[in-house]
2 protein chains.
Amino acid sequence: MARRDACSDCAIRTRALCSTLSVEQLARLRRLSYRKRYPPGRLITGVDPAETWCAQVLSGVVKLTKALPDGRQQIVGLLFPSDFLGRPFGSASPYAAEAATEVELCCHNRHQFEELMHEQPGLKQLFLERTLDEVDAAREWMLLLGRKSAGEKVAALILHIARRLAGSGCAAGPGPGPMRFDLPLSRTEMADYLGLRIETVSRQLKHLRTTGVIGPGVGRTITLENVAALERMTEGGAP
Amino acid sequence: MARRDACSDCAIRTRALCSTLSVEQLARLRRLSYRKRYPPGRLITGVDPAETWCAQVLSGVVKLTKALPDGRQQIVGLLFPSDFLGRPFGSASPYAAEAATEVELCCHNRHQFEELMHEQPGLKQLFLERTLDEVDAAREWMLLLGRKSAGEKVAALILHIARRLAGSGCAAGPGPGPMRFDLPLSRTEMADYLGLRIETVSRQLKHLRTTGVIGPGVGRTITLENVAALERMTEGGAP
DNA sequence: CGCGTATTTGAGCATCATCAAGCGCCGTGG
DNA sequence: CCACGGCGCTTGATGATGCTCAAATACGCG
């Protein structure tokens with residue numbers, strides 16, 4: 001009976017939108033759902049089409065990007081496990097989604113998911129609250145993009161990713177010693193998220209390492225040696 | 001019977017969230033609503049408190065701002081007539097709202113407005129779709145803040161305001177001759193919305209005027225002489 | 001081992017910020 | 001009526017942050 005992809009086994013069972021569904025509704029949704037994997041860098045959805053499906057992130061990190069005709073790019077959001085991907089109700093989603101790491105999705109038929117939201121007010125309510133949180137997060141990032149220095153931006157990004165990873169159970173928890181994790185983004189992606197160039201990101205990262213705020217690990221490895229200092233640096237406080 | 005503030009007279013009757021309400025529900029909401037005016041520059045709500053009310057903009061322009069402890073500011077959104085102001089459901093709104101021009105609001109008790117949304121799925125649905133549009137708008141602005149040059153930013157702001165003003169029936173419509181309007185923002189506010197300094201905004205505006213893309217009017221007056229050129233400049237095309 | 005890609009490092013430069021006047025507008029008050 | 005002062009905006013000169021270009025190094029992988 002217990003299938004490997006049964007909802008009760010689901011890694012995001014308690015945090016996903018599904019957490020509001022009754023057992024019966026959950027069973028119904030599961031019949032309409034399927035899992036899908038993407039390797040790092042693979043495009044998940046393009047900009048144009050009115051996609052016929054939506055999904056929830058089971059594992060990995062998805063980046064949402066917008067681009068200018070001349071190739072300049074901006075990452076406008078990162079999705080972590082239990083986040084929702086897609087644009088129900090009308091207008092086509094004006095950005096592309098791409099796998100930043102290896103990604104696993106739980107996909108639903110968009111139309112049927114919309115119907116389920118209509119039938120189950122709790123589901124729609126939770127989706128609405130998540131969407132409101134997304135507005136807040138986007139605006140927080142607007143403050144970063146418009147008003148913060150390169151150093152503040154990089155510090156804020158590290159903290160942001162650390163918190164989201166911790167919240168989704170990846171990376172060594174708040175156990176003994178400093179938190180350690182791998183950035184799910186390349187330097188290019190970090191730059192595209194922060195409105196910087198990769199060289200600037202690289203230099204700021206080096207600065208954080210030489211001042212001991214983060215550990216000396218190479219590449220994407222981050223060790224949070226001094227979270228308080230990092231927090232101060234996100235708002236213009238001294239290093 | 002016909003009071004001056006009757007909903008049927010309301011300037012935003014057809015575009016506001018209320019447009020989904022039945023006559024009876026509209027009457028109920030109206031009994032719980034009141035109008036409020038703010039002069040330019042007046043604070044409407046601060047950051048901290050879990051506000052007990054929410055509102056819809058009847059006239060004027062409201063700016064939503066976030067600030068860093070050292071005083072740096074970023075405008076994270078502008079509200080025009082028929083836009084919704086407030087943060088129903090839980091978490092306190094993490095930004096301040098301030099009147100940019102003379103503003104008139106139609107205010108509702110937050111709790112009762114939430115209840116109305118629960119009772120009337122159409123209202124909640126419309127609110128949800130508006131919120132999704134807000135996410136899109138915020139992310140569009142993230143692209144601007146992170147990746148556009150000063151010239152592109154100013155061009156985009158003028159177009160953005162022109163469209164929103166036209167959509168809310170202010171300013172000379174698309175009748176004969178070029179559209180003309182007054183910017184609802186000071187130079188400081190434009191800079192805070194674009195992530196620039198006021199001197200840069202001033203110089204970019206001058207450049208647009210000397211190249212004839214906008215008319216030579218002084219101060220906040222804008223005449224759209226060449227919309228196509230303005231649109232091109234928004235994305236890196238030649239002036 | 002050798003190649004392709006990601007990242008780091010360095011040097012010079014451009015854009016936009018900063019600093020500093022100056023101008024125009026307007027309400028106040030002599 | 002005009003001098004005064006405040007404020008918002010403009011203009012100019014200078015400089016710093018972050019970008020561009022270029023090359024070296026490290027890394028992953030066949």
Side-chain angles (χ1 to χ4, degrees), chain A residues 39-42 63 68 70-74 98 100-102 144-158 182-211 214-222 233 236 239, chain B residues 39-41 63 68 70-74 100-101 144-158 182-211 214 216-222 233 236 239:
Chain A
R42 171 86 95 248
K63 55 179 179 161
L68 260 5
D70 61 6
R72 283 175 285 176
Q73 255 201 352
Q74 177 69 40
E98 196 175 317
T101 64
E102 164 102 25
L144 176 145
L145 290 171
R147 289 302 183 205
K148 291 190 179 177
S149 70
E152 291 163 353
K153 285 177 175 181
V154 172
L157 177 62
I158 292 175
D182 273 8
L183 290 168
L185 304 179
S186 69
R187 293 291 123 99
T188 303
E189 290 165 334
M190 294 174 73
D192 283 346
Y193 199 18
L194 297 173
L196 298 171
R197 314 262 79 196
I198 63 173
E199 298 93 331
T200 305
V201 172
S202 186
R203 284 186 246 266
Q204 294 299 334
L205 235 23
K206 176 179 189 174
H207 182 244
L208 289 178
R209 293 207 227 259
T210 58
T211 54
I214 61 176
V218 299
R220 301 192 180 186
T221 307
I222 299 287
M233 293 180 70
Chain B
K63 54 178 178 160
L68 260 6
D70 61 6
R72 283 175 284 176
Q73 255 203 350
Q74 177 70 41
T101 64
L144 176 146
L145 291 171
R147 287 304 183 205
K148 291 190 179 176
S149 69
E152 291 163 354
K153 284 178 175 179
V154 172
L157 177 63
I158 292 175
D182 274 6
L183 290 169
L185 303 179
S186 70
R187 294 292 185 267
T188 302
E189 289 165 334
M190 295 174 72
D192 282 346
Y193 199 19
L194 297 173
L196 298 171
R197 315 261 76 195
I198 62 173
E199 297 94 331
T200 305
V201 172
S202 187
R203 283 186 248 266
Q204 294 298 335
L205 273 174
K206 176 178 190 176
H207 182 244
L208 289 177
R209 294 207 228 259
T210 57
T211 53
I214 61 175
V218 299
R220 301 191 181 186
T221 307
I222 299 287
M233 294 180 69

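Just so we're on the same page: letters track the sequence lines, and every chain starts at 1. None of these values were measured; they are calculated from a predicted model.
Between B/Pro40 and B/Ala100 the shortest heavy-atom distance is CB-O, 3.8 Å. Nearest heavy-atom pair, A/Leu145 versus B/Gly146, reported as atom, atom and distance to 0.1 Å: CD2-CA, 4.2 Å.
Atom CZ of B/Arg72 is separated from atom P of C/dA17 by 13 Å (rounded to the nearest Å). C/dT18 atom P lies 11 Å from atom CG of B/Asp70, rounded to whole Å. Look at CG on A/Leu208: it is 12 Å from P on C/dT8, rounded to the nearest Å. Note: CD (A/Gln204) to P (C/dT7) measures 16 Å, nearest angstrom. In this structure, A/Arg187 atom CZ and C/dT9 atom P are separated by 10 Å, rounded to whole Å. Taking atom CG on A/Asp182 and atom C1' on C/dA6, their separation rounds to 15 Å, with Å as the unit. We find that CG of B/Leu183 is positioned 10 Å from P of D/dC9, with the value rounded to whole Å. Straight-line distance from the NE2 atom of B/His207 to the C1' atom of C/dT15: 14 Å, rounded to whole Å.
Contacts of B/Leu183 classified as side-chain contact (heavy atoms from CB on, under 4.5 Å), with partners at least two apart in sequence or in another chain: B/Ile161, B/Phe181, B/Arg187, B/Met190, B/Arg220, B/Ile222. In this view, A/Arg72 and A/Asp70, B/Glu152 satisfy the salt bridge (charged side-chain N to carboxylate O under 4.0 Å, His left out) rule, not counting sequence neighbours.
With contacts defined as side-chain heavy-atom distances shorter than 4.5 Å, the pair A/Lys206/A/Thr210 qualifies.
Atom-to-atom distance recorded for A/Thr221:OG1 and A/Arg209:CZ is 7.5 Å, nearest 0.5 angstrom. A distance of 12.5 Å separates CG of A/Leu196 from OG1 of A/Thr188, quoted to the nearest 0.5 Å. Atom CD of residue B/Gln204 and atom OG of residue B/Ser149 lie 7.0 Å apart, to the nearest 0.5 angstrom. The line from CG of A/Leu205 to CD1 of A/Ile158 is 5.0 Å long, rounded to the nearest 0.5 Å. The line from CG of A/Leu157 to CG of A/Leu185 is 6.5 Å long, rounded to the nearest 0.5 Å.
Of the candidate nucleotides D/dT10, C/dT7, D/dG18, D/dT10 has the atom lying nearest to any side-chain atom of B/Ile198.
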Would you tabulate the nitrogen or oxygen pairs shorter than 3.5 Å linking the protein to nucleotides 23-30 of chain D?
none

Can you pull every protein N or O that's under 3.5 Å from an N or O on nucleotides 12-15 of chain D?
from   : atom 1 : to       : atom 2 : distance (Å)
D/dG12 : N7     : B/Arg203 : NH1    : 2.9
D/dG12 : O6     : B/Arg203 : NH2    : 3.3
D/dA13 : N6     : B/Arg203 : NH2    : 3.4

Grab the N/O contacts between the protein and nucleotides 22-28 of chain C below 3.5 Å, and write none if there aren't any.
none

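For the OP1/OP2 pair of C/dC16 and a distance below 4.0 Å, the side-chain nitrogens and oxygens of B/Thr200 include no atom meeting the criterion. Note on B/Ser202: every side-chain N or O is 4.0 Å or more away from OP1 and OP2 of D/dC9.
At distances below 3.5 Å, at least one donor-acceptor pair connects side-chain atoms of B/Glu189 with backbone N or O atoms of B/Ser186. Counting only distance, with no hydrogens or angles, the side chain of A/Gln74 and the backbone of B/Leu144 share no donor-acceptor pair below 3.5 Å. Side-chain N or O atoms of B/Ser202 include none that pairs as donor or acceptor with a backbone N or O of B/Ile198 at under 3.5 Å.
Within residues 188-197 of chain B, the residues that have a heavy atom under 4.0 Å from DNA chain C are, in order of number, B/Gly195, B/Leu196, B/Arg197.
For the pair B/Asp192 and A/Arg147, the salt-bridge criterion is met [side-chain N within less than 4.0 Å of a carboxylate O].
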